[in-house]
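Shown next, in structure tokens, is the structure this report addresses.
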Amino acid sequence: MSFPLLTATAALPAIGAVATAAVPAARRTTAKWLALVFSLATLVLAGIALARFEPGGDRYQLTESHAWIKDFGVRYELGVDGIGVALMALTALLIPFVILAGWHDADPLETKSSRWRPTQGFFALILMVEAMVILSFEATDVFLFYILFEAMLIPMYFLIGGFGDRAHTGSDENAAAQRSYAAVKFLLYNLVGGLIMLAAVIGLYVVAGTFSLSEIAEVRANGSLSMATGTERWLFLGFFFAFAVKAPLWPLHTWLPNAMGEATSPVAVLITAVVDKVGTFAMLRFCLQLFPEASKWATPVIIVLALISIVYGALLAVGQRDIKRLIAYASISHFGFIILGIFAMTSQGQSGATLYMVNHGISTAALMLVAGFLITRRGSRLIADYGGVQKVAPILAGTFLIGGLATLSLPGLAPFVSEFLVLVGAFSAYPAAGIVATTGIVLAALYVLVLYQRTMTGPVKAEVQGMADLKVRELAVVLPLIALLLFLGVYPKPLTEIVNPAVQHTMSDVQKKDPQPEVEAAK
């Protein structure tokens, strides 16, 4: 039996979570280093999986399949395509930076009125989320994916509700209430979506007789899968609703600004750069593959919702006074671009959407983590409380600017490539949608540049006069992310080579071909 690389990649952070949680309370520094070591070891395994993946090979590679619940046809079945392996690598890459950035976020507070914060629990929960997210990108059994899709909500609930942002303007009691509200809202929204998906999962089993993606594909190819049009549409809606909540797509997005605003900055990165990607990934893997006709049927409505997300999220970002909520609304706009690319159903759009998932994860992590360092120094999330930071902390300001420019998809930085491909794919299939989506680019320039201007330029405010610049640990978090943004912005080929074959499989699932350009006949 070959080495179960995919299982090991997901199991290692889970083992690290248990080991970190077991460290004695007085050994907080040991727990931090242990969590970091396990996250780095997971990154090594993910890198090996990425290196072993053959873009021109089988659709699902590094596969594992074992009987799990025989009576119900549930299998422990894993495999990665180009999209899954890229997102698995992204997750493994970001977690060490999340841990480093949150190095002191769960340290005990000095004030007597504050509760003791269990440092070991904070890092153990981060590793547990990593394990579940990685396994969800690997799962090719629908029921196994559903279990992971729901289970990851529990550690995220405790990370949001139990380890909130310390830069809260109100009292300790008010801060705790706001954290609790954000955590419960996050949990309820996603649980409702998951319960609706559960009904659809059961319906799929009744129709197909199996939860295995490979077996469903086989019976469909043989013509023995009989699924009525109405049944397929209802099942599609059950899956899509859950994924649209997780993504998040307007109007199911309202939990995200609360969760990101009240969570620590590293946990906010975990939400939007890691966990939310499961929703958009699942649209490609499950919605389009399992329900191709229903996906095409629902496309016009989904594209309208994606366009609303793009414009609505960007407009609300422009009007925000809170730095973290601004980044949250910007992410809603970006997820609109991703979903637009997926349901444009062109190879350019879907390749761009997949690249967007990866690049958005890197750029949002860079911007949010630098914003977190800034907020920690000043003790406030309000934009109005800053001014002139670039004069006292030029490196912090410079890295903040690069993260912001990546967010607005400046040419030369990684998100530009993915956004350009999404727009090309949208224009070729739905020109009107492409035109509307371009307004998101203009608005992104507005909210990013205004944010930088109000916080970093102008007279130095008294409260930021003695602000320290980035330290070695913080530079170790930010500089690699910026280097990746520059590298993938100039040379995206390593990603596109992995992603494009998987996109062609998805296009084949929905039996779509790229629209041919209309060339006027020569006179």
Side-chain angles (χ1 to χ4, degrees), residues 189 193 240-257 259-260 271-273 275-284 287-288 295 298-320 325-346 348-361 363-364 367-368 406-409 414-448:
Y189 266 66
F240 180 79
F241 182 85
F243 303 152
V245 172
K246 183 86 78 180
L249 178 68
W250 184 93
L252 306 172
H253 67 284
T254 59
W255 62 267
L256 183 66
M260 289 184 65
I271 295 169
T272 191
V275 172
D276 286 357
K277 298 299 186 300
V278 176
T280 47
F281 162 79
M283 290 178 189
L284 281 166
C287 287
L288 270 60
S295 297
T299 288
V301 174
I302 295 172
I303 286 179
V304 170
L305 296 179
L307 292 174
I308 294 174
S309 289
I310 291 170
V311 178
Y312 175 82
L315 284 173
L316 288 186
V318 171
Q320 288 303 306
R325 289 178 72 90
L326 184 152
I327 299 173
Y329 280 110
S331 290
I332 291 170
S333 181
H334 296 150
F335 275 103
F337 276 106
I338 294 171
I339 295 170
L340 174 64
I342 291 172
F343 283 90
M345 294 196 185
T346 60
Q348 300 97 332
Q350 291 190 357
S351 293
T354 305
L355 292 179
Y356 215 131
M357 292 184 222
V358 176
N359 294 333
H360 171 265
S363 62
T364 299
L367 181 60
M368 179 61 83
T407 298
L408 64 82
S409 300
F416 169 77
V417 179
S418 45
E419 195 165 280
F420 176 78
L421 286 173
V422 167
L423 289 175
V424 168
F427 268 115
S428 62
Y430 303 96
I435 293 170
V436 174
T438 55
T439 62
I441 301 175
V442 178
L443 292 171
L446 181 61
Y447 61 70
V448 167

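These numbers were taken from a predicted model, which means no experiment stands behind them.
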> Do F420 and L355 come close enough that some side-chain heavy atom pair is under 4.5 Å?
Replying inline: no
> What closest approach, in Å, do V422 and A353 show between heavy atoms, and which atom pair accounts for it?
Replying inline: CG2-N, 3.6 Å
> Sequence neighbours excluded, which residues qualify as side chain to side chain contact (heavy atoms under 4.5 Å, CB included) partners of V275?
Replying inline: V129, V133, M152, M156, K246
> Sequence neighbours excluded, which residues qualify as side-chain hydrogen bond (donor to acceptor under 3.5 Å, both in side chains) partners of S409?
Replying inline: E419
>> Holding to side-chain hydrogen bond (donor to acceptor under 3.5 Å, both in side chains), I want the full list of residues that pass it with N359, two or more places apart in sequence or in another chain.
In response: S418
> Do you know the tightest heavy-atom contact between L443 and V311?
Replying inline: CD1-O, 4.1 Å
> How long is the span from the OG1 atom in T346 to the OH atom in Y430, to the nearest 0.5 Å?
Replying inline: 9.5 Å
> Can you name the closest pair of heavy atoms from L252 and A244 and give their distance?
Replying inline: CD1-CB, 3.9 Å
> Nearest 0.5 Å, what's the CG-CE distance between L326 and M368?
Replying inline: 9.5 Å
> With sequence neighbours excluded, what pairs up with T439 under the side-chain hydrogen bond (donor to acceptor under 3.5 Å, both in side chains) test?
Replying inline: none
> What heavy-atom pair brings G279 and F243 nearest, and what distance separates the two atoms?
Replying inline: O-CB, 3.5 Å
> Rounded to the nearest 0.5 Å, what separation is found between the CD atom of Q320 and the CG atom of L315?
Replying inline: 11.5 Å
> Which atom names give the shortest non-hydrogen contact between I303 and A433, and what distance separates them?
Replying inline: CG2-CB, 3.9 Å
Distance-only donor-acceptor hits, side chain of residues 328-343, under 3.5 Å, sequence neighbours excluded:
from: S331; atom 1: OG; to: T272; atom 2: OG1; distance (Å): 3.3
from: S331; atom 1: OG; to: I327; atom 2: O; distance (Å): 3.2
from: S331; atom 1: OG; to: H360; atom 2: NE2; distance (Å): 3.4
from: S333; atom 1: OG; to: I310; atom 2: O; distance (Å): 2.8
from: H334; atom 1: ND1; to: A330; atom 2: O; distance (Å): 3.2
from: H334; atom 1: NE2; to: T407; atom 2: O; distance (Å): 3.2

>> Suppose we screen for side chain to side chain contact (heavy atoms under 4.5 Å, CB included). Which residues come up paired with I308, at least two apart in sequence or across chains?
In response: W250, V304, Y312
>> Is it the case that the side chain of S295 and the backbone of C287 share a donor-acceptor pair, with hydrogens and angles ignored and the cut-off at 3.5 Å?
In response: yes
> Shortest non-hydrogen contact from T299 to M345?
Replying inline: OG1-CE, 3.4 Å
